[in-house]
Structure formats: structure tokens, C-alpha cells
Amino acid sequence: MKRFRHVLAGSLGLLVAAGALTVASTANAATTLGASAAASGRYFGTAVAAYKLSDSTYSGILNREFNSVTPENEMKWDATEPTQGQFSYGSADQIVARAKSIGAKVRGHALAWHSQQPGWAQNLSGTALRSAMLNHVTQVATHYKGQIDSWDVVNEAFADGSSGARRDSNLQRTGNDWIEAAFRAARAADPAAKLCYNDYNTDGQNAKSNAVFAMVQDFKSRGVPIDCVGFQSHFNAQSPLPSDYQANLQRFANLGVDVQITELDIEGSGAAQATSFAAATRACLAVTRCNGITVWGIRDSDSWRASGTPLLFDGSGNKKAAYESVLAALNGGTTTPPTTPPTTPPTTTPPPTGSGCTSTISLNQWNGGFVATVKVTAGATALSGWTVNVTLPSGAAVTNSWNAQASGGSFSNVAYNGSVNAGASTEFGFQGTGTGPSVSSCTAR
Ligand code: 9MR
């Protein structure tokens with residue numbers, strides 16, 4: 001039953017992906033994170049705090065951009081069972097209700113974790129703690145039965161560093177089998193939810209991720225119910241996006257589980273931050289079993305580490321360069337990403353009278369980088385191909401492009417957009433570092 005559900009979801013994903021290709025060739029790019037991710041059968045989510053749902057800027061962005069939500073703290077043990085045996089779901093239910101109203105999935109976070117335990121659980125040990133934990137998993141997963149896309153069943157159970165050992169905790173001291181016991185209880189309570197193991201510092205190949213890998217391999221070989229692995233992906237200068245991120249996601253996927261980027265945030269600003277966000281996004285897109293990406297908050301000011309400005313929207317809710325680069329990456333480099341108004345006026349367009357073509361550039365410039373959208377317009381004669389040359393200011397470089405073949409500052413049509421009727425237009429774009437170009441020339445072929 002479960003297997004069938006996954007196969008079906010896989011073929012739907014293919015159908016959606018085929019649809020997206022058609023859309024891309026007509027240059028109708030999706031213009032929100034969720035819709036763009038959905039074009040390849042994925043989700044784009046965010047952590048949500050229930051008390052912020054009444055903030056109109058926050059809610060506006062949430063409702064517009066995201067098609068998955070993770071309660072940031074509201075489903076944790078201390079929030080849902082503050083007194084043993086008495087469950088409190090108010091704040092988490094509010095988030096689930098919002099998710100439903102905007103058609104978003106819910107990632108449940110987290111059923112069993114050494115941290116954020118209620119005081120009464122911190123004071124338990126042995127079989128009393130084991131049964132309290134299993135009861136907690138059963139009750140919470142039953143309360144949300146049928147409403148959760150993926151559960152972080154167990155969170156952060158491995159030690160940092162080179163030991164490859166389990167993290168010491170009261171739960172670990174109940175016996176090494178506490179993790180599989182939690183997964184079995186979750187499966188029994190909500191058979192439709194995907195069950196994930198979630199951790200940090202496991203984003204590249206290292207001793208910790210190797211230990212998680214061995215556990216997943218063991219679970220698969222013994223039939224312990226596990227469907228996915230979450231990679232939190234909290235990055236900064238000390239812990240940057242690893243160069244083997246995609247390879248690491250892929251090796252887990254090859255074990256027969258889905259992979260998800262569950263708490264993405266990248267400290268920094270401007271082009272460097274935008275580049276890392278785009279690379280993380282592309283890594284997920286390149287792994288068939290990567291279901292989606294969740295960023296750990298909406299605006300920089302919503303982040304658990306706000307001073308590192310690690311998110312896609314600034315404190316006022318404006319889209320950052322990182323937002324634009326993620327959207328462009330989600331649109332597969334084949335569609336037009338900019339959604340903010342150009343910050344410089346387009347260069348003037350000579351009327352398309354004679355044969356040949358004209359080109360105009362719209363620039364979205366930020367400190368250190370830019371996205372350029374170029375419109376190519378045919379003259380009185382239809383085009384069968386075109387090349388646009390731009391003059392890059394010194395220090396500027398093109399880092400990626402879409403709807404065109406790029407070579408330095410020279411861009412030529414790709415197979416599907418070389419033919420342009422007389423007087424008609426097509427668009428391509430590129431992203432770069434430094435100051436974007438404002439001068440271009442078009443040659444017809
Ligand atoms: O973002 C969460 C913050 O509001 C809480 O105070 C904190 C308490 O532990 O947890 C933060 O979320 C964590 C997540 O639940 C698990 N992975 C690390 C996240 C960032 O600390």
C-alpha cells in the first residue's frame with residue numbers, strides 16, 4: 001500500500017515535470033517559490049511560528065510563497081505534552097489549519113528529541129521514559145493522522161565530531177533500539193505519513209553522516225519503517241555548504257529513502273549568499289528523491305540566528321538576492337526569474353523596422369550582483385536565430401543563464417527560441433556578480 005503510494009506519486013511527478021517543460025518553452029515561469037518547486041513535483045516550505053500568523057507581512061509572504069510548513073516549536077514534546085498524559089495542541093493546530101487553507105503540506109517536527117523535553121520527561125529514565133516516549137509518539141502522530149506529509153520522528157540523535165557514536169541523552173540511555181521503537185510507533189499511528197530521521201552536520205560526507213547512513217542501511221535491511229532523511233542545512237562561514245552536498249543526498253537516496261532539506265538557512269548577504277542558496281536548491285533538484293526544501297523561517301528577523309541574516313526575505317519582508325537566485329534555480333535555468341521591478345530603466349528600444357533584431361536589458365541590481373532580463377525583438381523579417389552581445393562592465397562576470405547559450409558576454413538562442421516572427425519578441429536572462437550590463441547589440445541569423 002505504502003509502496004504503491006510512492007510509485008503513484010513518482011509518476012505524477014513525471015507528468016508535472018513534462019508539463020513544466022511546455023510552460024518553460026513559452027517562457028511562463030512560475031513566480032513563487034512554491035509554484036516553481038511544484039513544477040518538478042517538489043515543495044518549498046518554511047518554518048512557521050503560530051504567534052506570528054497574525055502579522056500581516058509575515059502571513060502575506062507565507063500564503064503567497066510557500067506550499068509546505070513546519071511548526072518551528074509547536075509540535076515539540078514540551079509544547080504538546082507539557083504535563084505527562086495531558087496533551088496541548090492549540091498552537092500546532094493553528095499552523096495545520098493555516099497550511100490546509102493555503103493548500104500547503106505539513107512537515108511534523110519533532111516526535112522524539114533529546115532537547116525541548118518537558119521537565120517531567122527530563123526527570124524520567126529507563127522503562128518509564130521509554131514508555132512515556134512511545135506514548136508521546138503514538139498520541140501526537142494519532143492526533144495528526146492523515147494530515148502530515150512527513151514526520152521528523154527522531155531528531156539529532158548522533159554525536160558531533162569523529163566518533164560516529166550516538167549522542168548521549170536520557171533517551172539513548174533507555175537502550176540503543178529507542179530510535180527504531182519510535183519509528184515503529186509512528187508507523188502504527190499514522191501509516192500514510194513519511195517517517196524521517198533528521199539531523200544537522202550531516203549535510204556532507206563525514207563521520208556523523210556516515211553513522212546515520214549506516215543506521216538507515218541497517219533499518220532498511222531489517223524492515224524498520226523509515227522513509228526519509230532530513231538534512232537540516234544550517235550553513236555559515238564556519239560550516240559552509242559542503243562541496244559534496246548533492247553527492248551526499250544522492251548516496252542516501254540510493255539506500256531507498258527520500259531526502260529532504262529541512263531547515264535551510266545560510267548566514268551572509270548579497271551575491272555570496274545568493275550563490276550558496278542557488279547551489280543548495282540545485283542540489284535538491286538534481287536528486288530525484290529530494291522531495292523539497294524548507295527554509296528555517298521567513299524574514300531574517302524571524303530566524304533563530306537573526307543577526308546572521310540567513311533567510312530569503314529581509315526584516316521588512318522584501319525579497320533578497322538570495323530569493324531571486326533560489327527562484328531562478330527552481331525554474332531550472334530555463335525560465336525568467338526576476339519578479340522585482342527593474343532598478344534601472346530599460347535602454348531605449350529602436351522600433352523593429354528593418355530586418356535584423358533589437359535587444360533591451362532590464363536589470364535587477366543589488367550590491368555585488370545582478371539578474372538581467374533581455375528582450376530580443378525581431379525586425380520586419382522573421383528570425384531563425386539570434387545572438388546578443390552585451391558589454392560587461394569591468395569586474396562583472398556571468399555566473400548562469402537561462403533560455404540562451406552563453407559564452408562570456410555573448411548569448412545565442414537555444415533550440416526552442418531561435419524562431420521569432422517579424423515584430424515578435426522572446427526573452428532570456430542571466431545572473432552575475434558585479435555590476436550588470438546596460439548596453440547590448442543583437443545580430444540576426
Ligand atoms: O528555531 C528554533 C528556536 O526557535 C528554538 O528556540 C530552538 C530550541 O531548541 O529550536 C530551534 O529550531 C531547531 C530545530 O528544532 C532543530 N534543529 C535546529 C534548529 C535551530 O536551533
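Whatever order the structure lists ligands and atoms in, that order sets their numbers, starting from 1. Residues: numbered from 1 along the sequence shown.
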Is Arg299 paired with Asp302 through a side-chain N to carboxylate O contact shorter than 4.0 Å?
yes

Collect the protein residues that have a non-hydrogen atom under 4.0 Å from ligand 1 and hand them over in chain and number order.
Glu72, Asn73, Lys76, His109, Trp113, Gln116, Asn155, Glu156, Gln232, His234, Glu263, Trp296, Trp304

Name of the residue among Tyr245, Tyr197, Phe213, Phe252 meeting ring-ring contact (aromatic ring centres under 6.0 Å, His included) with Phe231:
Phe252

I want to know whether Trp178 and His114 have ring centres closer than 6.0 Å.
no

Show the nearest heavy-atom pair for residues Gln260 and Cys196, with the distance to one decimal.
OE1-SG, 3.9 Å

List the residues meeting side chain to side chain donor-acceptor pair (under 3.5 Å) with Lys320, not counting sequence neighbours, and say none if there are none.
Gln273, Asp300

For Lys220, is there an ion pair with Asp227 - N to carboxylate O distance below 4.0 angstrom?
no

